[in-house]
Amino acid sequence: MSGVRVRVAAKINLSLRVGARRPDGFHDLSTVFQAISLFDDIQVRASPIGSGRTISVAGERVDGVPRDDRNLAARAAIALAEAVGQPDPDVHIDIDKAIPVAGGMAGGSADAAATLVACRALWDTEIADEELHRVAADLGSDVPFALQGGTAQGTGRGDILVPVLATGEWHWVVALNDGELSTPQVFAECDRLRSCGLSEPAPGDDSALMAALRAGSARDLAPCLVNDLQPAALSLRPSLAAVLAAGTDVGALAGLVSGSGPTCIFLAADREHAIGLAAELAGSGLVRGVRHAFGPVRGAHLIP
Ligand code: C5P
């Protein structure tokens, strides 16, 4: 058995509005996700009985990715087995990463979503979409969106999803930055800055952003992009301010930290503009690497 292959996309948050910290430690969110064309490819195959989960990981800067049951992909296999009444699963999960590790693009969540889709196919198991969504949400706030893809509004922890109409194709330049930022630390820093009066939630709502998405207008979308975690990411990693400034200096329509960072994303007018921006940013010497990506793309899906 050669196994099952699944492709899964990175997410960006076009809007990330962070509410109060809840008693369960999570924050209420209102966010608009878009899945963009940076992909991890996962292959899952059955292993000999009793071998448990084994993981191999390829890609840039993957040394810190756990190769055991601490990896969210392994936990996804276990959670799906439990949900469908299968015994403790024996699987090998091969992860080929293009989504930056701990970069604010939900790479770990993406791998978990891909593993759910792969194991469902590998075990030829029937599980209702709502049940799969529940298993995904239990694994992490961003896992349901990685399953669904496209453009969607997320509320709750970010796990309650409604599709959003986005006309046409949106072009992004993704600036990869050195080091990692821990999502819990960035949320904690957001709380700290707010409690000291040094930061506050972005005003307004996402109605103009939704209208720009419907109309397919990158110029209208640019002023609507918002990330309440950005002040916290900049506080923990001040050097990101220079990256954001460099992107807008070379003509990006807008730039912002992706999720909890440290990856930054820049909106381009179209494909050619994005390719030009990517070249200029790469030459700035401020970033570890750049990628051109477009969205929306589909959620985790089987590939031949
Ligand atoms: O859900 P996930 O495991 O991806 O979240 C990682 C961490 O990010 C949480 O432990 C929490 O500290 C923070 N978080 C949050 N509020 C959310 C989502 C994540 O505080 N809505």
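As the structure lists them, so they are numbered: ligands from 1, and atoms in each ligand from 1.
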Item to complete: Under 4.5 Å between side-chain heavy atoms, chaining through other members, with only Ile, Leu, Val, Met, Phe, Trp and Tyr counted: pull out the rest of the cluster around F39, sorted by chain and number.
Response: F294, V297
Discussion item. Regarding D228 and R194, does a basic nitrogen lie under 4.0 Å from an acidic carboxylate oxygen?
Written reply: yes
Worksheet item: With sequence neighbours left out, which residue pairs that include part of residues 104-119 fulfil the side-chain hydrogen bond (donor to acceptor under 3.5 Å, both in side chains) condition?
Response: K97-D111
Item to complete: Give a yes or no on whether a salt bridge exists between E60 and R288, defined as a side-chain N under 4.0 angstrom from a carboxylate O.
Response: yes
Discussion item. Clusters formed by hydrophobic residues whose side-chain heavy atoms approach within less than 4.5 Å: which one holds L267, and what are its other members?
Written reply: I12, L14, V32, I36, L38, I99, M105, V164, W170, W172, V174, L176, L209, M210, L213, L221, L225, L253, L256, I265
Practice prompt. Sort out the contact shell of ligand 1: every protein residue with a heavy-atom distance below 4.0 Å, listed by chain and number.
Written response: G25, F26, H27, L29, G140, S141, R157, T183, P184, F187
Worksheet item: Do H273 and H171 make the cut of ring centroids closer than 6.0 angstrom?
Response: no
